[in-house]
There are 2 protein chains.
Amino acid sequence: MGIRERKEKEKTEMRSSILKAAMSLFIDEGYENVSMRKIARKIEYSASSIYSYFENKDMILFELLHEGFEKLKEKQLFVQGITEPKERLIAHGDAYMDFAFENSQYYELMFLIHKPKERFDLHKVKVLGDSCYELLVKNVAECVEAGYNKGEDVNNLALFLWSSLHGIVALYIRQAIILEEFNKQYLDNIKSVTLHFLQQLIKK
Amino acid sequence: MGIRERKEKEKTEMRSSILKAAMSLFIDEGYENVSMRKIARKIEYSASSIYSYFENKDMILFELLHEGFEKLKEKQLFVQGITEPKERLIAHGDAYMDFAFENSQYYELMFLIHKPKERFDLHKVKVLGDSCYELLVKNVAECVEAGYNKGEDVNNLALFLWSSLHGIVALYIRQAIILEEFNKQYLDNIKSVTLHFLQQLIKK
DNA sequence: AAAAATATTGAACGCTGTTCAATTTATCAA
DNA sequence: TTGATAAATTGAACAGCGTTCAATATTTTT
């Protein structure tokens, strides 16, 4: 059935070209400033045809959200090779910030933009997020098992660590802390300050 | 000049009734889902007339932003009565979270929604934010002076504390951590967990 | 080549922020 | 009180939005 095969390939190619165009526009103009017509124009297609690939604009967002969480997970799995628990946990935090700063538009879609719960299945997003969060909890648990922060509740510690990481990243992306044009040195400083205090928090 | 006076009073009354309607709609429907026509309808006015009070929709947001920062500052000044530096700093964090959870829609406008920098003077927003942040820096500085976190850079510590507070608040408001309906007990837990770790961070 | 299935489209609906000429309303001078 | 002036208010219009759907064009199957 060569024809059916080609058809399906064309379908998935169209699908991914829509996603690619959407993401590139989201990066340049921000989610809310991208319209279906703009996406269509970019790939020389019609806006209405997009609806045969995605239920609506939110579903395009969801697909990219999914990609984002996959990327984050991938990045997080890299540090799992480190054997010393505290070292691994700190590297985990480092990787988290790296992901966020290097893929700030993904991060924006994943954690910062408002997703109206009438139209959007927030539960599905939470499932994606949880699969990343579980890895953090695991790394925290192994620290506690190894004698760090004795008696501390694992979930509480994990939550606080995530908060701290998310906080600095969110402030940066929303430009609450700096307004000057991109400054790598300042970014590195933010990261090292955060890691410095994480080091303090994980203690024997 | 009684007429001129009354005129001006009517002007400011209209202005504040627009703001009031806008805020109430923002709370119910979220900033991006509120239109000028909706605001006008709410106060039985015309959309075009609003433009003689505010340059555009973003300026309404800016005005409410301003209100939000005033409210936050007010709340923060309350704890300045506490004399013991660490106690005051912790209370500061508590007040910050209280403000955010009690006025989550203000918080959303102030720190979470995307404000397009082409149309929006982010520098003005930063000035508003800085006047609140300075108080935090001051309280951190007085802790360090009192012998806490000896040798630690005041700005770095303040930044990390703010990150942590902002992080937990932002995750909650964006529903990244819970999806069930409002649960006061869970909220209290989040707050106490955060304060617990702040306590750990501020040490002699 | 005709029929059936699939893909694509433009027009339409009701919405958006914003502008502006036209109209209404209020103030002031004679 | 009337007429002129100033101010406030409005609806229509513009170009855009997400989305739907009947009509058209294309491709596949018979």
Side-chain angles (χ1 to χ4, degrees), chain A residues 1-19 21-22 25-26 28-64 109 113-121, chain B residues 1-19 21-22 25-26 28-64 109 113-121:
Chain A
M1 297 287 115
I3 286 162
R4 181 155 214 88
E5 233 172 78
R6 181 175 52 79
K7 275 263 157 177
E8 266 169 34
K9 213 184 115 196
E10 273 171 11
K11 265 262 168 190
T12 55
E13 266 169 16
M14 191 71 232
R15 210 185 132 85
S16 65
S17 97
I18 292 169
L19 284 173
L25 285 168
F26 291 163
D28 292 345
E29 316 192 16
Y31 178 68
E32 69 248 49
N33 296 318
V34 174
S35 68
M36 297 299 253
R37 287 171 176 86
K38 272 188 193 170
I39 298 170
R41 229 173 285 141
K42 181 140 195 162
I43 54 175
E44 287 172 316
Y45 206 38
S46 74
S48 40
S49 289
I50 297 178
Y51 286 85
S52 64
Y53 293 89
F54 300 93
E55 205 186 323
N56 52 39
K57 194 185 165 189
D58 289 333
M59 286 305 113
I60 298 179
L61 169 59
F62 183 77
E63 197 75 26
L64 292 170
L109 301 180
I113 67 166
H114 173 74
K115 298 179 257 308
K117 54 173 167 290
E118 315 89 56
R119 294 179 290 143
F120 216 87
D121 190 348
Chain B
M1 297 287 115
I3 286 163
R4 182 155 214 85
E5 234 171 76
R6 183 174 52 78
K7 275 262 157 177
E8 267 169 34
K9 214 184 114 196
E10 273 171 12
K11 264 263 168 190
T12 55
E13 265 169 17
M14 191 71 232
R15 210 184 133 84
S16 65
S17 98
I18 292 169
L19 284 173
L25 285 168
F26 290 163
D28 291 345
E29 317 192 16
Y31 178 70
E32 69 247 48
N33 295 318
V34 174
S35 68
M36 297 299 252
R37 286 172 177 86
K38 271 187 193 169
I39 298 170
R41 227 174 286 141
K42 181 141 196 160
I43 54 175
E44 288 172 316
Y45 205 39
S46 74
S48 39
S49 289
I50 297 177
Y51 286 85
S52 63
Y53 294 89
F54 299 94
E55 206 186 321
N56 52 39
K57 194 185 165 190
D58 289 332
M59 286 305 113
I60 299 179
L61 169 60
F62 183 76
E63 196 76 26
L64 292 170
L109 300 180
I113 68 166
H114 173 75
K115 298 180 258 309
K117 53 173 168 289
E118 315 89 54
R119 293 179 289 141
F120 215 89
D121 189 348

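Proteins get letters first, then strands, A, B, ... in listed order; numbering begins at 1 in each. Hydrogens, waters and symmetry mates play no part in the numbers below; they use all other heavy atoms, side chains included.
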Problem - A:Met14 CE - D:dT26 P separation (whole Å) - result: 16 Å
Handout entry: Closest listed nucleotide, where the reference is the side chain of B:Ser49 and the choices are C:dT8, D:dC21, D:dT10
Key = D:dT10
Problem - Nearest-0.5 Å distance that lies between atom CD1 in B:Ile60 and atom CD1 in B:Ile50 - result: 5.5 Å
Practice task
Give a yes or no on whether a donor-acceptor pair under 3.5 Å exists between the nucleobase atoms of C:dG10, that is its base, and the side chain of A:Ser48.
Solution key: yes
Fill in the blank from the handout: Distance col, row A:Phe26:CZ vs A:Leu109:CG, nearest 0.5 angstrom, shows 6.5 Å
Handout entry: Separation of atom CG in B:Asn33 from atom C1' in C:dC15, rounded to whole Å
Key = 12 Å
Practice task
Report the distance from atom CE of A:Met14 to atom OH of A:Tyr45, rounding to the nearest 0.5 Å.
Solution key: 4.5 Å
Handout entry: Rounded distance (nearest 0.5 Å) linking atom CG of A:Leu19 with atom CZ of A:Phe54
Key = 3.5 Å
Tabulated below should be each protein N or O lying under 3.5 Å from an N or O of nucleotides 13-16 of chain D; please produce it.
from   : atom 1 : to      : atom 2 : distance (Å)
D:dA13 : N6     : B:Arg37 : NH2    : 3.3

Practice task
For A:Lys38 and A:Asn33, indicate whether the former's side chain and the latter's backbone hold a donor-acceptor pair under 3.5 Å.
Solution key: yes
Practice task
Please report, rounded to the nearest Å, how far the C1' atom of D:dA8 is from the CD atom of B:Glu13.
Solution key: 16 Å
Exercise for the section: First locate atom CZ of A:Arg41, then atom OG of A:Ser46, and finally report the distance between them rounded to the nearest 0.5 Å. Expected result: 12.0 Å
Practice task
Would you name the heavy atoms of A:Tyr51 and A:Asn56 that are closest together and state the gap between them?
Solution key: CE2-CA, 3.9 Å
Practice task
With the side chain of A:Lys11 defined as its heavy atoms from C-beta on, choose the nearest nucleotide among D:dA8, C:dA7, C:dT18.
Solution key: C:dA7
Handout entry: Reported NZ-to-OG distance for the pair B:Lys11 and B:Ser52, which is rounded to 0.5 angstrom
Key = 4.5 Å
Problem - Close side-chain approach of A:His114 and B:Glu32, heavy atoms under 4.5 Å - result: yes
Completion exercise
To the nearest angstrom, the CD1-P distance between B:Ile50 and C:dT19 comes to 13 Å
Exercise for the section: Mind calculating the distance between OH (B:Tyr45) and C1' (D:dT10) to the nearest angstrom? Expected result: 10 Å
Practice task
Check each residue of residues 51-60 of chain A for a non-hydrogen atom within less than 4.0 Å of any atom in DNA chain D, then write out the ones that pass by number, or none.
Solution key: A:Tyr51, A:Asn56, A:Lys57
Problem - Separation of D:dT20 P from A:Met36 CE (nearest whole Å) - result: 9 Å
Problem - d(CD, B:Glu44; C1', D:dT9) in whole Å - result: 15 Å
